[in-house]
Amino acid sequence: MKVGFIGLGIMGKPMAGHLIKQGFETYLFDLNTEAVNELAALGGHACKTGQEAAENSEVIITMLPEGKHVFQVLFEEPGLAAVSKPGTIIVDMSSVSTEESRLFASKLEALNLHFIDAPVSGGEPMAVEGRLSIMAGGEENHFHKVLPVFEAMGENIVHCGASGTGSAAKLANQIIVSGNLAALSEACVYASQAGIDLNKLFEAIHGGLAGSAVMEAKMPQIIERNFEPGGRIETNYKDLKNIQSSANAIGVPLPVTNLVKEIFHSEITNGNGKRDHSYIINFFERMGNCQTPKGG
């Protein structure tokens with residue numbers, strides 16, 4: 001299977017690397033030519049344009065920052081949709097709104113192209129390990145055709161239903177992740193000021209009901225004050241805006257999510273958008289006029 005991969009950033013680069021290592025003939029494009037060349041050295045095919053990648057591929061993956069970028073790459077001249085062979089399956093693995101995914105599917109089907117929305121969860125560490133969770137929406141026969149591609153990049157792969165349901169599942173995931181990050185940050189500030197060593201707190205509670213994948217991944221970073229990005233604050237904020245838009249469209253109130261969104265917004269306003277999303281602890285530290293000590 002020949003696979004085009006458009007978007008070789010923090011997540012896309014290791015994902016494309018796994019496809020190459022698993023033997024897929026992979027055609028690569030990104031504005032960052034250094035990333036393209038690194039993957040070409042592993043056996044991928046460097047392309048000068050996205051259109052070149054599309055013309056050589058049976059499956060095209062996009063992994064881009066926002067829905068507007070996906071729309072530009074697919075449909076604005078010269079877009080991938082105009083040069084892809086009939087029957088090509090286009091898989092968007094970006095985090096976009098449910099409505100955007102359904103729009104992409106509709107426009108592509110009119111051109112005899114197929115679409116799957118397949119956003120991922122797990123952040124950079126799971127992308128590097130090839131253990132991402134992948135939630136897919138689209139026709140089941142198209143999902144099964146590209147399942148071997150997904151299996152090269154992830155290990156928890158679920159077909160959620162029709163077009164848009166993959167994106168809806170990712171947005172639901174982000175409600176939980178973002179809420180967990182806020183609760184974890186608030187709890188760490190409280191516990192630290194109450195005189196508890198955060199290492200001891202982690203040891204005491206991570207195996208109980210409060211424990212979560214978010215806690216396992218992010219509390220050690222908070223303790224060491226290591227906020228190099230795996231997932232960025234600006235990315236979570238973008239996802240939460242998409243959630244708000246989708247929820248408004250179907251009449252679902254999200255009071256907790258909207259509050260958490262504004263916490264992320266505050267950190268972006270304070271110049272912290274590119275830090276790891278666990279750095280929203282800074283919001284709670286500023287509110288309490290304190291800082292959790294490095295090392296616990």
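As the structure is a computational prediction, the values presented were derived from the model and not from experiment.
Placement of Leu31 and Val70 within a single hydrophobic cluster is found when ILVMFWY residues are connected by side-chain heavy-atom separations under 4.5 Å, directly or transitively. There is a path of hydrophobic side-chain contacts, each under 4.5 Å, that joins Phe283 to Leu181. One hydrophobic cluster holds both Met63 and Val36 under the rule that ILVMFWY side chains link at heavy-atom gaps under 4.5 Å. Residues Ile89 and Val158 do not share a hydrophobic cluster, clusters being chains of Ile/Leu/Val/Met/Phe/Trp/Tyr side chains in contact below 4.5 Å. Ile176 is not connected to Leu259 by any chain of hydrophobic side-chain contacts under 4.5 Å among Ile, Leu, Val, Met, Phe, Trp and Tyr, and they are in different clusters.
Leu64 contributes atom CG, which lies 8.0 Å from atom CD1 of Ile6 (distance to the nearest 0.5 angstrom). Once rounded to the nearest 0.5 Å, the distance linking CG of Leu103 with CG of Leu108 reads 9.0 Å. Atom CD1 of residue Ile20 and atom CD of residue Glu25 lie 11.0 Å apart, to the nearest 0.5 angstrom. In this structure, OG1 in Thr88 is found 11.0 Å from CG in Leu111, a value given to the nearest 0.5 Å. One distance of note links CD1 of Ile175 with CG of Leu254; it measures 5.0 Å at 0.5 Å rounding. The distance from atom CD of Glu151 to atom CD of Gln22, rounded to the nearest 0.5 Å, is 10.0 Å.
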Side-chain donor-acceptor contacts of residues 217-226 below 3.5 Å, not counting sequence neighbours, with atom names and distances?
| unit_1 | atom_1 | unit_2 | atom_2 | d |
| --- | --- | --- | --- | --- |
| Lys218 | NZ | Gln221 | OE1 | 3.3 |
| Lys218 | NZ | Asp276 | OD1 | 3.1 |
| Lys218 | NZ | Asp276 | OD2 | 3.2 |
| Lys218 | NZ | His277 | NE2 | 3.3 |
| Gln221 | NE2 | Asn226 | O | 3.0 |
| Arg225 | NH1 | Glu285 | OE2 | 3.0 |
| Arg225 | NH1 | Thr292 | O | 3.4 |
| Arg225 | NH1 | Thr292 | OG1 | 2.8 |
| Arg225 | NH2 | Glu285 | OE1 | 3.3 |
| Asn226 | OD1 | Glu228 | N | 3.3 |

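Taking 4.0 Å as the cut-off between side-chain N and carboxylate O, Lys13 and Glu34 do not count as a salt-bridged pair.
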field: Stepwise side-chain contact (heavy atoms from CB on, under 4.5 Å) check, Arg232 with Ile10
entry: CA-CA 10 Å; Arg232 292 190 174 113; Ile10 242 177; 4.1 Å; yes
message: Before you tell me yes or no, could you show the steps for Ser178 and Asp239 under side-chain contact (heavy atoms from CB on, under 4.5 Å), namely the whole-Å CA-CA distance, both residues' side-chain angles and the distance that decides it to 0.1 Å?
response: CA-CA 10 Å; Ser178 297; Asp239 288 341; over 6 Å; no
- request: Let me see the working for Met93 and Met11 under side-chain contact (heavy atoms from CB on, under 4.5 Å), right down to the final yes or no.
  value: CA-CA 10 Å; Met93 304 191 79; Met11 298 287 289; over 6 Å; no
Stepwise side-chain contact (heavy atoms from CB on, under 4.5 Å) check, Met15 with Val120: CA-CA 11 Å; Met15 290 165 66; Val120 302; 4.2 Å; yes
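Not one N or O on the side chain of Ser245 forms a donor-acceptor pair closer than 3.5 Å with the backbone of Lys241. The main-chain N or O of Tyr237 is never found under 3.5 Å from a side-chain atom of Lys261 such that the two would form a donor-acceptor pair. Remark: the backbone N or O of Val149 is not paired with any side-chain donor or acceptor of His18 at under 3.5 angstrom. When atom types are taken as modelled, the side chain of Lys238 and the backbone of Ser95 share a donor-acceptor pair closer than 3.5 angstrom.
Looking at Asn270 and Asn272, their side chains never bring a donor and an acceptor atom within 3.5 Å of each other.
Here the shortest heavy-atom pairing between Leu19 and Phe5 reads CD1-CD1, 3.8 Å. Between Thr98 and Ser246 the shortest heavy-atom distance is N-OG, 3.6 Å. In this structure, Ser278 and Phe227 approach most closely via the heavy-atom pair OG-CD2, 3.5 Å. Between Ser185 and Ile280 the shortest heavy-atom distance is OG-CG1, 3.7 Å. Across all their heavy atoms, Asp30 and Gly9 have their closest contact at OD2-N, 4.2 Å. Here the closest heavy-atom approach between residue Asp117 and residue Thr165 is recorded as OD2-N, 3.6 Å.
Looking at Ser94 and Glu66, their side chains never come closer than 4.5 Å, going by heavy atoms from C-beta outward. Contact annotation: the side chain of His114 never approaches that of Glu139 to less than 4.5 Å [non-hydrogen atoms, C-beta and beyond]. Phe115 has its side chain within reach of Ser101: a pair of non-hydrogen atoms, C-beta onward, lies under 4.5 Å apart. Side-chain contact between Glu124 and Val128: present, with at least one pair of heavy atoms (C-beta onward) separated by less than 4.5 Å. A 4.5 Å side-chain heavy-atom check between Gln51 and Leu80 finds at least one atom pair inside the cut-off. Between Thr62 and His69 the shortest side-chain heavy-atom distance does not fall below 4.5 Å. For the pair Gln174/Asn236, a side-chain contact is recorded, criterion being any heavy-atom separation below 4.5 Å from C-beta on. Residues Phe24 and Pro148 are in side-chain contact: their nearest non-hydrogen atoms beyond the backbone lie under 4.5 Å apart.
With sequence neighbours left out, Glu234 forms a salt bridge (charged side-chain N to carboxylate O under 4.0 Å, His left out) with Lys274. The side chain to side chain contact (heavy atoms under 4.5 Å, CB included) test applied to Asn56 returns Tyr27, Glu52, not counting sequence neighbours.
Atom CG of Asn141 sits in a crowded spot, with more than 12 heavy atoms from other residues, nucleotides or ligands closer than 6.0 Å.
Relative ring orientation between Phe143 and Phe150 is described as tilted, the plane-to-plane angle lying within the 30° to 60° band.
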